Protein chains: 2
Amino acid sequence: MAENSRLTIATHVLTWMALARRRGQDLLTSEQVAASVNTNPVIIRRSLGDLRRAGLVEVRRGAGAGWILARTPEEITLLDVYNAVEQHPLFAMHHTDPNLECPVGKGIRPALGHVYDGVEQALRHELQRTSIADVLKRTLQE
Amino acid sequence: MAENSRLTIATHVLTWMALARRRGQDLLTSEQVAASVNTNPVIIRRSLGDLRRAGLVEVRRGAGAGWILARTPEEITLLDVYNAVEQHPLFAMHHTDPNLECPVGKGIRPALGHVYDGVEQALRHELQRTSIADVLKRTLQE
DNA sequence: CCTTGTTGTAACAAGGTTTGTTTCAAACGG
DNA sequence: CCGTTTGAAACAAACCTTGTTACAACAAGG
């Protein structure tokens with residue numbers, strides 16, 4: 001179970017909110033969103049909490065509360081979603097320090113860090129090419 | 001601890017083998033490699049096993065056994081290493097099926113799969129740009 | 001053929017992550 | 001003040017990753 005589906009869940013949430021909005025329903029509760037994702041409302045609130053902290057959605061509390069998109073679906077890219085829900089770098093370094101007496105042990109981490117930065121950059125660039133509106137369009141075509 | 005450092009470990013292993021080779025020592029035991037990575041030889045054997053199955057290293061068994069690079073460091077890219085050690089896709093889909101009655105629940109997986117394929121493609125393209133020889137060069141510069 | 005060094009693999013522990021669930025205080029519109 | 005909903009904590013179940021021990025299989029060299 002330890003394989004992370006947060007980007008998928010958050011994108012699903014936003015795509016569903018985009019469709020509801022187009023249908024005239026701006027405000028959705030976590031329970032309504034959970035019905036589409038088919039999971040527990042608490043899971044959805046956790047995801048929406050990430051998206052709120054990133055400024056992608058807004059929340060209204062109290063009776064008649066719920067969630068609203070803070071931007072149009074065209075203005076939210078999958079990079080925005082990725083940044084909202086992923087914190088760890090793509091590839092982890094050694095969990096314990098390598099042998100710093102060895103020239104490879106000493107120099108490999110900065111060397112690899114440089115490569116990993118480039119890879120993350122490429123990934124981010126690719127994610128930025130797709131918006132929630134694009135995902136919704138393609139979702140409805142399937 | 002559940003954050004995967006396999007690409008880092010395998011690249012470290014190959015980089016160290018490349019340096020040893022340049023110094024005239026083609027054959028290394030898992031214990032010798034483990035000394036540079038600063039971990040248990042069994043961990044290294046697991047990593048080398050992945051690399052062997054991918055055809056990047058060869059093994060000699062029996063007394064005086066050990067591991068040899070199967071290609072020159074210039075001919076091994078980080079994409080080769082990634083393919084050898086990573087099996088799961090980058091982003092997981094929902095762990096439980098979404099609600100297929102909902103148009104988003106129904107169409108989101110193929111739509112996202114399409115995007116994820118593109119992202120993985122970009123990642124692979126970037127990894128392919130760097131060889132073990134490149135990593136070694138940069139490692140010794142640090 | 002035997003000794004010896006090394007691999008391949010299984011089994012297990014420790015610690016971490018992820019999802020799902022229950023619970024309840026806090027917020028707030030009406 | 002009531003009723004609905006969020007935010008967050010606490011916990012369980014399942015799984016992953018690393019590290020460790022143990023040992024059979026293998027083969028080179030005497």
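Nothing here was measured: the structure is a model prediction, and the numbers come from that model. Order of the sequence lines sets the chain letters (A, B, ...), proteins ahead of strands, with each chain counted from 1.
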- Query: Between A:N40 and A:G62, which is nearer to the 5' end of DNA chain C once each is assigned its nearest nucleotide?
  - Reply: A:N40
- Task: Please determine if a side-chain N or O atom of A:T39 lies less than 4.0 Å away from the OP1 or OP2 oxygen of C:dT19.
- Result: no
- For A:H95 and D:dC16, what is the distance between atoms NE2 and C1' respectively, to the nearest whole Å? 11 Å
- Message: Over all strands shown, is B:R46 touching base, sugar-phosphate only, or nothing at heavy-atom distances under 4.0 angstrom?
- Response: base
- Item | Nearest-Å distance for atom pair NE2/C1', residues B:H94 and C:dT18 | 15 Å
- Item | Any donor-acceptor pair under 3.5 Å from B:Q32 side chain to B:T29 backbone | yes
- Electrostatic pair A:D97:A:R109 at N-O distance under 4.0 angstrom: yes
- Item | A:S30 vs D:dT6: side-chain N/O to OP1/OP2 distance below 4.0 Å | yes
- Return the nucleotide paired to D:dG30: Watson-Crick means purine N1 to pyrimidine N3 with N6-O4 or O6-N4, wobble means G-U with N1-O2 and O6-N3, both under 3.5 Å. C:dC1
- Message: Checking contacts here: which listed nucleotide (D:dT5, C:dA10, C:dG8) is nearest the side-chain heavy atoms of B:V42?
- Response: C:dA10
- Quick one: is A:R45 getting a side-chain N or O under 4.0 Å of the D:dT6 phosphate, OP1 or OP2? yes
- Of B:R6 and A:L48, the one whose closest nucleotide on DNA chain D sits nearer the 5' end is A:L48
- Message: Closer than 3.5 angstrom, by distance alone: can the side chain of B:E120 be matched with the main-chain N or O of B:L90 as a donor-acceptor pair?
- Response: yes
- Query: Any donor-acceptor pair under 3.5 Å linking the side chain of A:H95 with the backbone of B:E3?
  - Reply: yes
- Task: Write down the distance between CH2 (A:W67) and C1' (D:dT5), rounded to a whole number of angstrom.
- Result: 10 Å
- Note on the structure: Checking C:dT22, C:dT19, C:dT7 against the side chain of A:S5 (C-beta onward), the nearest is C:dT19
- Item | Exercise: do B:D80 and B:T77 side chains pair donor with acceptor under 3.5 Å | yes
- Task: Could you check how far CZ of A:F91 sits from C1' of D:dT17, rounded to whole Å?
- Result: 16 Å
- Message: So, under a plain 3.5 Å distance rule, would you say the side chain of B:R61 forms a donor-acceptor pair with the base of D:dA25?
- Response: yes
- Picking from C:dT22, C:dT7, C:dT18, the nucleotide nearest the side-chain atoms of A:N4 would be C:dT18
- Is a donor on one side and an acceptor on the other found under 3.5 Å between the side chain of B:T8 and the backbone of A:A92? yes
- Item | Nearest-neighbour nucleotide for the B:T96 side chain, C:dT19, D:dC26, C:dG20 considered | C:dG20
- Task: Using atom CD of A:E3 as one end and atom C1' of D:dT17 as the other, report the distance to the nearest whole Å.
- Result: 14 Å
- Item | Interatomic distance, A:I44 CD1 vs D:dA8 C1' [rounded to whole Å] | 16 Å
- Task: Quick one: pull up CG in B:L14 and CD1 in B:I132 and give me the separation to the nearest 0.5 Å.
- Result: 4.5 Å
- Message: Which residues in residues 8-19 of chain A have a heavy atom closer than 4.0 Å to any atom of DNA chain C?
- Response: none
- Query: Should the pair A:D134-A:K137 be classified as a salt bridge under the 4.0 Å nitrogen-to-oxygen rule?
  - Reply: no
- Query: Is the closest side-chain heavy-atom distance between A:D50 and A:R46 below 4.5 Å?
  - Reply: no
- Item | Atom pair CE (B:M17) and CG (B:L69), whose distance is rounded to the nearest 0.5 Å | 4.5 Å
- Query: Quick one: B:D97 CG to C:dT19 P, roughly how many Å, whole number?
  - Reply: 15 Å
- Task: Please list, by residue number, the residues of residues 52-60 of chain A whose heavy atoms come closer than 4.0 Å to an atom of DNA chain D; answer none if no residue qualifies.
- Result: A:R52, A:V59
- Task: Provide, to the nearest angstrom, the distance between the CD1 atom belonging to B:I43 and the P atom belonging to D:dT17.
- Result: 12 Å
